[in-house]
**Q** 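First, the structure itself, so that you have it in front of you.
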Amino acid sequence: MAHTVNGCSLALIFIIMWLLVKAKIDVCKRGDVTVQPSHVISLGSAVNISCSLKTKQGCSQFSSFNKLILYKFDRRIYFQHGHSLSSQVTGLPLGTTLFVCKLACSSNDEIRVCGAEISVGVVPEQPQNLSCIQKGERGTVGCTWDRGQDTHLYTAYTLQLKGPKNLTWQKQCNDHYCDHLDLGINLTPESPESSYTAKVTAINSLGSASSFPSSFTLLDIVRPLPPWDIRIKFVNASVSRCTLQWRDEGLVLFNRLRYRPINSRSWNMVNATNAKGRHDLLDLKPFTEYEFQISSKLHLYKGSWSDWSESLRTQTPEEEPTGTLDVWYMRQHIDYNRQQISLFWKNLSLSEAKGKILHYRVTLQEVAGGKATLQNITEHTSWTWVIPRTGNWAVSVSAANSKGSSLPTHINITDLCGAGLLAPQQVSANSDGVDNLMVTWTPPGKAAAAVQEYVVEWRELHPGASTQPPLGWLWSPPYNLSALISENIKPYICYEIRVHALSGDQGGCNSIRGNSKHKAPLSGPHINAISEEKGSILISWNEIPAREQMGCILRYRIYWKEQDSDSQPQLCEIPYRVSPNSHPIDSLRPRVTYILWMTALTAAGESPQGNEREFCLQGKANWSTFVAPSICMGVIMVGVLSVRCFRQKVFVLLLALRPQWCSKEIPDPANSTWAKKYPIVEEKTQLALDRLLTDWPTPEEPEPLVINKVLRVTPAFRRSHHPNWPEKGQGVQGHYTSEEDTGYSASSPPPPRALTAETGQGVDLYKVLGSKGPDSTPGNPASPSTALPVDYLPAHEGYLPSNIDYLPSHEPPITDPREELPQHISLSIFPSSSLHPLTFSCGEKLTLDQLKMGCGSLML
């Protein structure tokens, strides 16, 4: 069965080989391509390439129709008519070049005949730096070398090792870029001083080269394996006794150790001879994470060090803290008998803490009492408490870890800024790079000799922040008048810097603001309120957010201008410290609308404007603006009203202009008490047409009208035996006149029929209409004019009274020809058109619902 399988395999291999040969023959069935002198040539050599057609493989029996073309890759380099072609090629580059011969007949098609590859290379260089190594006692021997420049040809490298007793080991490398070989043999340590010789040979089609022989012993080539199973042991959990242990190969005699803190780049080196896998370390720091590595070697002068072992990382134990805390404090008065003490301290360095700080112990006590009043344990680096303002107080702070506590730091609570004579002078803060500030000052004058030390503190400004930012500080000796602060300093942030001068239990301070880098603020202040106070305005605003201030704000600017005005705005500048969030302005005019906005300035420039607000000052105007015109108008009015005629006209005008809602409603005379007490007999009233058609007064020559003072007049008309209509120019006066305005002469008694208070007649006059006859003359006036009370004058189309019971008799008044009556303004209740005759008959009473007066006529 096995023989049958083997026979089938051989048959299959034979068939495959025959197919490959047949395929190769089929590739060049039309002709052959030959290369002389060889398919492999050295760089710079020439080569002859020939192409010939086989019998009956041309285009025709005539050779002139056969065109052979030689291609170098895809580029045509030579052609010839006939059955063969020959060409010499020079200048071929390193590497392999492909040549193809093609046949072109009368048509444009080209038929592949055959091709050839020509390889160009160089003779191999002599291998250099041959070295051999055996990894570990049980490893195999491997050698490496430098093969020189690339030959661009297939090159075989053969490694040969000769040992004692004519032992020889040899191995060939088939890799194109071979530069190392492993012989796969192990040299035993039975004779570590035995000598071995190694050599490598390179061979290709153009030649060969061999390296110089390299001789060595076992100790020269064996490299120990890296140590393993590394561990560390702390005796009694103390860093002072630390033992590093590991495992190694048996022939190792020397070790080297290196270790470093995990955050360090430099190593500490230790050499150990015949350590046997153990070494004590005495200079480790407590509570520090270290990295350890170990290397081994067989002989002090021979051989090589092993690779470094894998790293061991571990943390050393803690120890009791050393050193003292750096403590600072702030005090703030709450009220008249309480104060708030805020303590701050810095973390101990790793070398001082010697472990993880678990908490801090704070003790507050009154110096006079001598006993502790308060003890507190906190995990934070600050502590705040409220104590009385009376008495002297002292504080002590210490740090504790799992092994113990540090020495306490004692500090007495004093008024850090209470002594003005100790205040440092000329404090300044200038940028010293992006993250640094240089603070300088001068001694406090006469008290400079008393200064024991300076303290520079700084805090980031956060206007309106609910929590205070962390406080930074540093101590400076009395002879040093400058300090470089770099802790927590950021660009474009404003810091409040304070310099304290301390002398015993007293202190003085001075402060300034500074920034390491600045530019113009990103936004302007936001005006939140504008209020009016005693003729000026008070502007209040919100601070710019701290991250948009871009440095320390030096000044604010308030701009204002009138609304819809193209003029340049006015402004005022406010120093930052003078008014942090409000400022008054007293230069605005009352009852003028203004537009206001604000900007902020740093040392680098001005911010964009903030929000705009409109405001109009509603305060009293300047009294001097109105006093002079008011006095002049008062003098003129007094002068005008001192003349009686002008006074009467003004009074009449004012009554005429009185609005309707000021007049009382006109009652119905039919329902009055007087109408019930004095009934009248029904009679017919005939009005003459010629009297109704009498001309009305014209505005050219108004006649004077005398109005008698009447206290109580019955609001009715009695039938007169001598009716007279008003003369031209006379009208009805709708007002009362005062006593001094009544037109009586000293020698002329009042009209006998005038109704006055002395007559004793209890009548109420609604309306009394005075008129003249058509034949009256100015010298012979008709019956006196009838006075009409203002309360009963209708302001629109109204009624006449129904009871005409009384009219004054037609008796001319006695007038003084020397008295000149004033001209009055004629305001008539009748329409300007003529009255038509009225013919009506009514009962005992004539009511207003029967008699109405329109714009054109009087009708029932």
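For reference, positions follow the sequence shown, starting with 1. The analysis underlying the following values was restricted to heavy atoms, covering all of them including side chains, and did not include hydrogens, waters or symmetry mates.
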**Q** Can you name the salt bridge (Lys or Arg N to Asp or Glu O under 4.0 Å) partners of E606, sequence neighbours left out?
**A** R557
**Q** For S211, which residues count as a side-chain contact (heavy atoms from CB on, under 4.5 Å) partner, sequence neighbours excluded?
**A** P127, L130, K199, V200
**Q** Could you check whether any side-chain heavy atom of T602 comes within less than 4.5 Å of a side-chain heavy atom of M550, counting everything from C-beta outward?
**A**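 No, every pair of side-chain atoms sits at 4.5 Å or beyond.
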**Q** Would you check if F287 and Q315 make a side-chain contact, meaning some heavy-atom pair closer than 4.5 Å?
**A** yes
**Q** Does the Q128 side chain pair with the main chain of G148, one donor and one acceptor, at a distance under 3.5 Å?
**A**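 No, because the side chain of Q128 does not come within donor-acceptor range (under 3.5 Å) of the backbone of G148.
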**Q** Report yes if the side chains of L298 and P224 come closer than 4.5 Å at any heavy-atom pair, otherwise no.
**A** yes
**Q** Quick one: is the NZ or CZ of K519 closer than 6.0 Å to the six-membered ring centre of Y492, and within 45° of its axis?
**A**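 Yes; both conditions hold, so K519 lies above the ring face of Y492.
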**Q** Please report the closest heavy-atom contact between S195 and P164, naming both atoms and the distance.
**A**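 Distance-wise, the nearest heavy atoms are O-CD, 3.7 Å.
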**Q** Just say parallel, tilted or perpendicular for the rings of W145 and Y157, cut-offs at 30° and 60°.
**A**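 Rings of W145 and Y157: tilted, 30 to 60°.
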**Q** Decide yes or no on side-chain hydrogen bond (donor to acceptor under 3.5 Å, both in side chains) for S295 and S306, but give the supporting numbers first.
**A** CA-CA 5 Å; S295 178; S306 69; 3.3 Å; yes
**Q** Tell me, do T201 and I203 make a side-chain contact under 4.5 Å, heavy atoms counted?
**A**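 T201 reaches I203 side chain to side chain.
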**Q** Is the backbone N or O of N66 less than 3.5 Å from a side-chain atom of H83, with the two atoms forming a donor-acceptor pair by type?
**A**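 No.
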**Q** Holding to salt bridge (Lys or Arg N to Asp or Glu O under 4.0 Å), I want the full list of residues that pass it with R76, two or more places apart in sequence or in another chain.
**A** E110
**Q** Consider only side-chain N and O atoms of T140 and N186, and report whether a donor and an acceptor are under 3.5 Å apart.
**A**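 Absent: no donor and acceptor within the cut-off.
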**Q** Is there side-chain contact between Y78 and V89, with heavy atoms separated by less than 4.5 Å?
**A**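 Counting from C-beta outward, Y78 and V89 never come under 4.5 Å.
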**Q** Treating Y495 as the side-chain partner and K490 as the backbone partner, does any N or O pair qualify as donor plus acceptor under 3.5 Å?
**A** yes
**Q** Test of understanding: with side-chain contact (heavy atoms from CB on, under 4.5 Å), list the residues that count as partners of I185, not counting sequence neighbours.
**A** V141, L161, W169, L183, L187
**Q** For S131 and T144, run side chain to side chain contact (heavy atoms under 4.5 Å, CB included): C-alpha distance rounded to whole Å, both residues' side-chain angles, the deciding distance at 0.1 Å, then the answer.
**A** CA-CA 6 Å; S131 64; T144 60; 3.3 Å; yes
**Q** Do the side-chain N and O atoms of Y259 and D283 include a donor-acceptor pair separated by under 3.5 angstrom?
**A** yes
**Q** Hey, are K302 and E193 close enough for a salt bridge, meaning a charged N less than 4.0 Å from a carboxylate O?
**A**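 Looking at K302 and E193, the cut-off is met.
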**Q** Main chain of V122, side chain of N204: is a donor-acceptor contact present, judged purely on distance under 3.5 Å?
**A**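 Checked: pair present.
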**Q** Could you pull out the closest heavy-atom pair between R147 and C178, with the gap in Å?
**A**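 Taking R147 first and C178 second, the nearest heavy atoms are CD-O, 3.2 Å.
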**Q** Taking the side chain as C-beta and beyond, is there a heavy-atom pair between I294 and L244 under 4.5 Å?
**A**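 Heavy-atom side-chain distance check passes, below 4.5 Å.
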**Q** Between E460 and R547, does any NZ, NE, NH1 or NH2 come within less than 4.0 Å of an OD or OE carboxylate oxygen?
**A** yes
**Q** Between K54 and D32, is a side chain to side chain contact (heavy atoms under 4.5 Å, CB included) present by the stated rule, with each step listed?
**A** CA-CA 8 Å; K54 294 180 180 180; D32 297 315; 3.9 Å; yes
**Q** Applying side chain to side chain contact (heavy atoms under 4.5 Å, CB included) to L257 and F292, what does each step give before you reach the verdict?
**A** CA-CA 7 Å; L257 290 73; F292 301 91; over 6 Å; no
**Q** Please name all residues satisfying side-chain contact (heavy atoms from CB on, under 4.5 Å) with P261, sequence neighbours left out, ordered by chain then number.
**A**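 Checked P261 against side-chain contact (heavy atoms from CB on, under 4.5 Å); matches are N263, S264, T288, Y290.
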**Q** Quick check: does any side chain N or O of R260 sit under 3.5 Å from a backbone N or O of R265, one acting as donor and the other as acceptor?
**A** yes
**Q** Going by side chain to side chain donor-acceptor pair (under 3.5 Å), name the pairs with one or both residues in residues 213-224, residues two or more places apart or in two chains.
**A**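 Passing the test, one end in residues 213-224: T197-S215, T217-D220, R223-S304.
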**Q** Nearest heavy-atom pair of V113 and C51: which atoms, and what distance?
**A** CG1-SG, 4.1 Å
**Q** Could you check L53, L70, L103, V33 and say which one makes a side-chain contact (heavy atoms from CB on, under 4.5 Å) with L85?
**A**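 The passing option is L70.
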**Q** Under 6.0 Å from the OH atom of Y301, do we count more than 12 heavy atoms belonging to anything else shown?
**A** no
**Q** Once you find the SG atom in C101 and the one in C114, is the distance between them below 2.5 Å?
**A**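 With an SG-SG separation of 2.5 Å or more, C101 and C114 do not form a disulfide.
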**Q** Can you check whether A600's main-chain N or O pairs, donor with acceptor, with S607's side chain at less than 3.5 Å?
**A** yes
**Q** Does E125 use its side chain to pair, donor to acceptor, with the backbone of Q149 at less than 3.5 Å?
**A**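 Judged by distance alone, yes, a pair lies under 3.5 Å.
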**Q** So, does Q549 use its side chain to make a donor-acceptor pair with the main chain of C494 at under 3.5 Å?
**A**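 Checking the backbone N and O of C494 against the side chain of Q549, no donor-acceptor pair under 3.5 Å is found.
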**Q** In the structure I gave you, are the side-chain heavy atoms of K354 and E318 within less than 4.5 Å of one another anywhere?
**A**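 When only atoms from C-beta onward are counted, E318 and K354 do not touch, as no gap falls below 4.5 Å.
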**Q** Just checking, any donor-acceptor pair under 3.5 angstrom between side chains of S516 and S431?
**A** no
**Q** Return yes if a side-chain donor-acceptor contact under 3.5 Å exists between Q293 and S311, otherwise no.
**A** yes
**Q** Where do T158 and Q170 land on the side chain to side chain contact (heavy atoms under 4.5 Å, CB included) test, with the steps shown first?
**A** CA-CA 7 Å; T158 302; Q170 183 174 315; 3.4 Å; yes
**Q** When you measure from the side chain of N515 to the backbone N and O of C552, does any donor-acceptor pair fall under 3.5 Å?
**A**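 Between the backbone of C552 and the side chain of N515 there is a qualifying donor-acceptor contact (under 3.5 Å).
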**Q** Check whether any side-chain heavy atom of L312 sits under 4.5 Å from a side-chain heavy atom of W246, and report yes or no.
**A** no
**Q** Okay, side chain of N401, backbone of E319: is any donor-acceptor separation there less than 3.5 Å?
**A** yes
